[in-house]
Participant: 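A single structure is presented below for examination.
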Amino acid sequence: MAEGVIRIDCELDGCDGLHVDFKAAGWKFKHLRTWEEARSSSEASKVVSERIAGWNLRADGQPLEFKAGAAAFDELEPVMVRWIVGVAFLEAYNRAGQPDPNGL
């Protein structure tokens, strides 16, 4: 695992071995606030992808390169995007600042 990341393993069916690595350092309350205030999918994509350091995800069965920004999740299926934006991001936020955010 890369140093300085919070790894969130995908627990969706058929996602064995897939994960998102969030940056471990630099989390602030503003990240939660801007996530909660995001009014569009573009805003939510920007907020969440800014905290992603990398990932091991697939789209149409092929590895997908991570690129931050409004279009970060464009090639992913809706269920995967809902997991990243609604579950994984909040899990990373909750782990941030813990002595060992990957040991929980």
Participant: Heavy-atom count check: over 12 atoms from other residues, nucleotides or ligands less than 6.0 Å from E75 CD?
Facilitator: no

Participant: With rounding to the nearest 0.5 angstrom, report the SG to CG distance, C10 to N56.
Facilitator: 10.0 Å

Participant: Which atom names give the shortest non-hydrogen contact between A44 and V85, and what distance separates them?
Facilitator: CB-CG1, 4.4 Å

Participant: To the nearest 0.5 Å, tell me how far R82 CZ sits from L76 CG.
Facilitator: 12.0 Å

Participant: Taking the side chain as everything from C-beta on, heavy atoms only, tell me whether R58 gets closer than 4.5 Å to P63.
Facilitator: yes

Participant: More than 12 heavy atoms of other residues, nucleotides or ligands under 6.0 Å from CD of E37: yes or no?
Facilitator: yes

Participant: Measuring from I84:CD1 to L90:CG, what's the distance to the nearest 0.5 Å?
Facilitator: 13.0 Å

Participant: Looking at every heavy atom in both A24 and V5, which two are closest together, and how far apart are they?
Facilitator: CB-N, 3.9 Å

Participant: Looking only at heavy atoms, what is the nearest atom pair of L12 and M80, with distance?
Facilitator: CD1-CA, 4.1 Å

Participant: Please name the pair of heavy atoms, one in F89 and one in H31, separated by the smallest distance, quoted to 0.1 Å.
Facilitator: CZ-O, 3.7 Å

Participant: From the options N94, I6, L32, select the one residue that forms a side-chain contact (heavy atoms from CB on, under 4.5 Å) with W27.
Facilitator: I6

Participant: For S49 versus A72, what's the shortest heavy-atom pair and its separation?
Facilitator: CB-CB, 3.7 Å

Participant: Would you call K46 and E50 a salt bridge, using N to O less than 4.0 angstrom?
Facilitator: no

Participant: Check the pair W83 / I8 against side-chain contact (heavy atoms from CB on, under 4.5 Å), numbers first and verdict last.
Facilitator: CA-CA 10 Å; W83 172 75; I8 308 295; 3.7 Å; yes

Participant: Return yes if some donor-acceptor pair links the side-chain N/O of E91 with the main-chain N/O of V87 below 3.5 Å, else return no.
Facilitator: no

Participant: Rounded to the nearest 0.5 Å, how far apart are NZ of K28 and OH of Y93?
Facilitator: 10.5 Å

Participant: Above 12 or not: heavy atoms from other molecules or residues under 6.0 Å from CD of E11?
Facilitator: no

Participant: Give, for atom CG of L18 and atom CH2 of W55, the distance between the pair rounded to the nearest 0.5 Å.
Facilitator: 11.0 Å

Participant: Looking only at non-hydrogen atoms, find the nearest pair between W35 and G86 and report the distance.
Facilitator: CZ2-CA, 4.3 Å

